Amino acid sequence: MTQQNGIGASTDHRVHSEASKALESANGVEFDEVQEVTETEEGGKGGESQDPVVVAGAAAAPDGGWGWVVLASTILVLSLTLGLPASMGIFFTDLQNEFLASNSETSWVTSIMTSALHAGGPISSVLIHKLGCRETVILGGVLSGVGMAVSSFTRSITELYITAGVITGLGFCFSVQPGVTILGHYFVRHRAFANAMSSTGTALGLCILPVLGNYLHTEYGWRGSFLILGAILLNLCVCGAVMRPLEPKRHRGQPLINHKPPPSDQENEMKQNRTVWKYVAASLRKHMAFDQFCHNRRYRVYAIGITWMMLGFVVPLVYLVPFATSNDMEPRQAALLLSILGIINIIVRPPFGIVFNMAWFKGRHIYVFSAALLVNGLSNIICCIGASFPVLVIYVTTYGLSMSVVGSLMFTVLMDIVEMSHFPSALGLLAVMESVTLLTGPPLAGILVDRTGQYFYVFIACSAVVASSAIFLMSAFLWLDKTEEKASKRGQPPAQPDLKRPATNASPGCRYRSVPTDGDRDKAAPHRSEYMTSV
């Protein structure tokens, strides 16, 4: 799609630009990267700065159309990939008895699966760049389906760590990150609503998979259940197939005239040896967002807070079913608790998405997120009252309502903090940081259960961890807002990350044109250029 903004541009400039493009085309050079033009000219009345010239090459975010199909596909992806780890508690006791493992050893299965789901973020970011979002989701579907199916034939807990933990977890990662990324490209003006709707996928998984898992466990045992779940996970490939790129992938053509002789094998080998470490360093900088972590204070605070939060955020979902069954509750009722949690999320998240998309919430998403996180952490104390079914229903209701807000806003807050051109790498680095605490959280909780013989200590510890992360995020962002407000009153520009650097390497299948929202315009400088970026 071609867009031109000719305000303040002379006729000679346009003729020169067209002539240059024609000459390059004649030499056989095809440009498939999204170019940026940051040039502005002084002109008009009073020497006002004119709008930048926006170059063609990027597809506009449709905010609808086929985007609704992509949204439905992302919902299904999140329901399978994020709902299954939370439902593994149904098989917790069987795995303990099968492999004669302790609570801590058994919890490593879910812990490794969840950690691999996040730790594979940089690898997923590279695959998105090299293959595209669609192909990466399909690859993730194959990995997760095969890993879960093979885990049904394992003979030791260590083998289960590799198959159900590492392989399946990486497959989940390769499905989640490109699904969320391409959704951010399809929706800009309605991004908060789209993210909230996509987060209902987690709720859908929590609603259906526990009931399905309990039925499969009763009929086929844990081995047959894992085999069937592996076949179900292969449907991620279908979800990825409908995530078509906004702009068709184009291949560079060979130059018509090549005057240089082909380099020798020795020269190629020497060149590769000289550039391999430079390539590795450049890839780390590009796909791990270290520059964002160093220069963007808001991203740094958010990453630290979310990393600490993950130490206790998912642990209650892992130990809820064992906690209920250890207090003489029927397995069917214990699995029903997770389904109630999922139903609450399904009902609540869509209206929350509509509310959070209102203009009043622009710039306030982080505070709503922090408040909901505080409620979520404190809700774990309800389990200390008792383990009866009515008490645990009150717990999952409170936990589910606050979880709905947290899930609806987690990606939205990150998109508010960083530019979409940096979003995949920022999400990748955040996922790696989260993986450390996700890996250690459930085993630490298992050690606590093994030492004390009581499950409710786990919920007390999770309450302290999650509530403290909420207080940290809220106080840190309040301080940052006040600091930047004082700096603006003194006439000093607020500290901002270097976001004007062009994204030189476009990701096939994930191209978009960023359409600034009202919140983006509020954050932009008075004469800031609009960039055409690709991820």
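Keep in mind that this is a model prediction, so the values were computed, not measured.
L80 is linked by a side chain to side chain contact (heavy atoms under 4.5 Å, CB included) to I232, L233, L236, counting only residues two or more places apart in sequence or in another chain. With sequence neighbours excluded, no residue forms a side-chain hydrogen bond (donor to acceptor under 3.5 Å, both in side chains) with T154. Among residues two or more places apart in sequence or in another chain, the ring pair (Phe, Tyr, Trp, His ring centres under 6.0 Å) test is passed with W68 by F187. Every residue meeting the side chain to side chain contact (heavy atoms under 4.5 Å, CB included) condition with A149, not counting sequence neighbours, appears here in chain and number order: L227. With sequence neighbours left out, the salt bridge (charged side-chain N to carboxylate O under 4.0 Å, His left out) criterion links E330 to R332. Qualifying salt bridge (charged side-chain N to carboxylate O under 4.0 Å, His left out) partners for R300, counting only residues two or more places apart in sequence or in other chains: none. Applying the salt bridge (charged side-chain N to carboxylate O under 4.0 Å, His left out) test to E98 and every residue at least two apart in sequence or in another chain returns R223.
Taking the six-membered ring for Trp and the full ring otherwise, the centers of Y319 and F323 sit at least 6.0 Å from each other.
Using a 4.5 Å heavy-atom cutoff, the side chains of S79 and I208 are not in contact. At a threshold of 4.5 Å between non-hydrogen side-chain atoms, the residues M410 and L414 do not count as touching. Taking 4.5 Å as the limit, some side-chain heavy atom of S124 sits within range of a side-chain heavy atom of I128. Counting heavy atoms from C-beta on, the side chains of Y395 and S379 come closer than 4.5 Å. Using a 4.5 Å heavy-atom cutoff, the side chains of L78 and S198 are in contact. Side-chain contact check for F99 versus L160: some heavy-atom pair is nearer than 4.5 Å. In this structure the side chain of Y399 never reaches within 4.5 angstrom of the side chain of V375, judged on heavy atoms. Looking at heavy atoms from C-beta onward, I167 lies out of side-chain contact with V150 at the 4.5 angstrom threshold.
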Next on the checklist: If you apply the rule side-chain contact (heavy atoms from CB on, under 4.5 Å), what do you find for C239 with N235, and how did you get there?
Outcome noted: CA-CA 7 Å; C239 297; N235 287 280; 5.6 Å; no
Checklist entry - Going through the checks in order, is the side-chain contact (heavy atoms from CB on, under 4.5 Å) test met by I366 and D416? => result CA-CA 9 Å; I366 182 61; D416 290 343; over 6 Å; no
Checklist entry - Should V142 and V146 be marked as a side-chain contact (heavy atoms from CB on, under 4.5 Å) after you check the CA-CA gap, both sets of side-chain angles, and the distance that decides it? => result CA-CA 6 Å; V142 173; V146 171; 4.3 Å; yes
Checklist entry - Under the side-chain contact (heavy atoms from CB on, under 4.5 Å) criterion, do V137 and F174 qualify, and how do the steps go? => result CA-CA 6 Å; V137 174; F174 297 161; over 6 Å; no
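L341 and G400 make their closest contact through CD1-CA, 3.2 Å (heavy atoms, listed as atom of the first residue, atom of the second, distance). Pairing each heavy atom of C173 with each of G120, the nearest pair is SG-C, 3.2 Å. A194 and L183 get closest at one heavy-atom pair: O-CD2, 3.8 Å. Of all heavy-atom pairs between E105 and I157, the closest is O-CG1, 4.3 Å. Of all non-hydrogen atoms in M243 and I182, the two that sit nearest each other are O-CD1, 3.7 Å. Closest approach of A324 to L337, counting heavy atoms only: CB-CD1, 4.3 Å.
Separation of atoms CD1 (I90) and CG (L95) is listed at 11.5 Å; rounding is to 0.5 Å. A distance of 6.5 Å separates CG of L439 from CD1 of I112, quoted to the nearest 0.5 Å. We find the CG-CE distance between L229 and M148 to be 5.0 Å, quoted to the nearest 0.5 Å. L209 contributes atom CG, which lies 10.0 Å from atom CG of L338 (distance to the nearest 0.5 angstrom). Atoms CD1 and CG, on I417 and L430 in that order, are 9.5 Å from each other to the nearest 0.5 Å. Annotation: the span from H365 atom NE2 to L409 atom CG amounts to 6.0 Å, rounded to 0.5 Å.
The backbone N or O of P322 sits less than 3.5 Å from a side-chain atom of T325, completing a donor-acceptor pair. Here the side chain of T114 pairs no donor or acceptor atom with the backbone of S111 at under 3.5 angstrom. With hydrogens and angles disregarded, a donor-acceptor distance shorter than 3.5 Å links the side chain of W308 to the backbone of V465. No side-chain donor-acceptor contact under 3.5 Å links T81 to the backbone of F172. The closest donor-acceptor contact from the side chain of S463 to the backbone of F459 lies at 3.5 Å or more, if one exists at all.
Between the side chains of N376 and S402, at least one donor-acceptor pair of N or O atoms lies under 3.5 Å.
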Taking only distance into account, with no hydrogens and no angle test, what donor-acceptor pairs under 3.5 Å do side-chain atoms of residues 309-316 form with protein atoms, sequence neighbours excluded?
none

Only distances under 3.5 Å count here; give the side-chain donor-acceptor pairs of residues 383-393 to other protein atoms, sequence neighbours excluded, each with its distance to 0.1 Å.
none

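Between F369 and Y302, the angle of the ring planes lies from 30° to 60°, which puts this pair in the tilted group. Taking the six-membered ring where the residue is Trp, W222 and F226 present perpendicular rings, their angle passing 60° and hence far from 30°.
Listed by first and then second residue, the side-chain hydrogen bond (donor to acceptor under 3.5 Å, both in side chains) pairs that reach into residues 207-221 are D94-H217, sequence neighbours excluded. Within the structure, every pair that satisfies the side-chain hydrogen bond (donor to acceptor under 3.5 Å, both in side chains) test and touches residues 433-455, not counting sequence neighbours, is listed here: N103-D450, N103-Y455, H118-E434. For residues 136-147, no residue pair satisfies the side-chain hydrogen bond (donor to acceptor under 3.5 Å, both in side chains) rule, not counting sequence neighbours.
Among the candidates V70, V69, L76, T74, the single residue satisfying the side chain to side chain contact (heavy atoms under 4.5 Å, CB included) test with V242 is V69.
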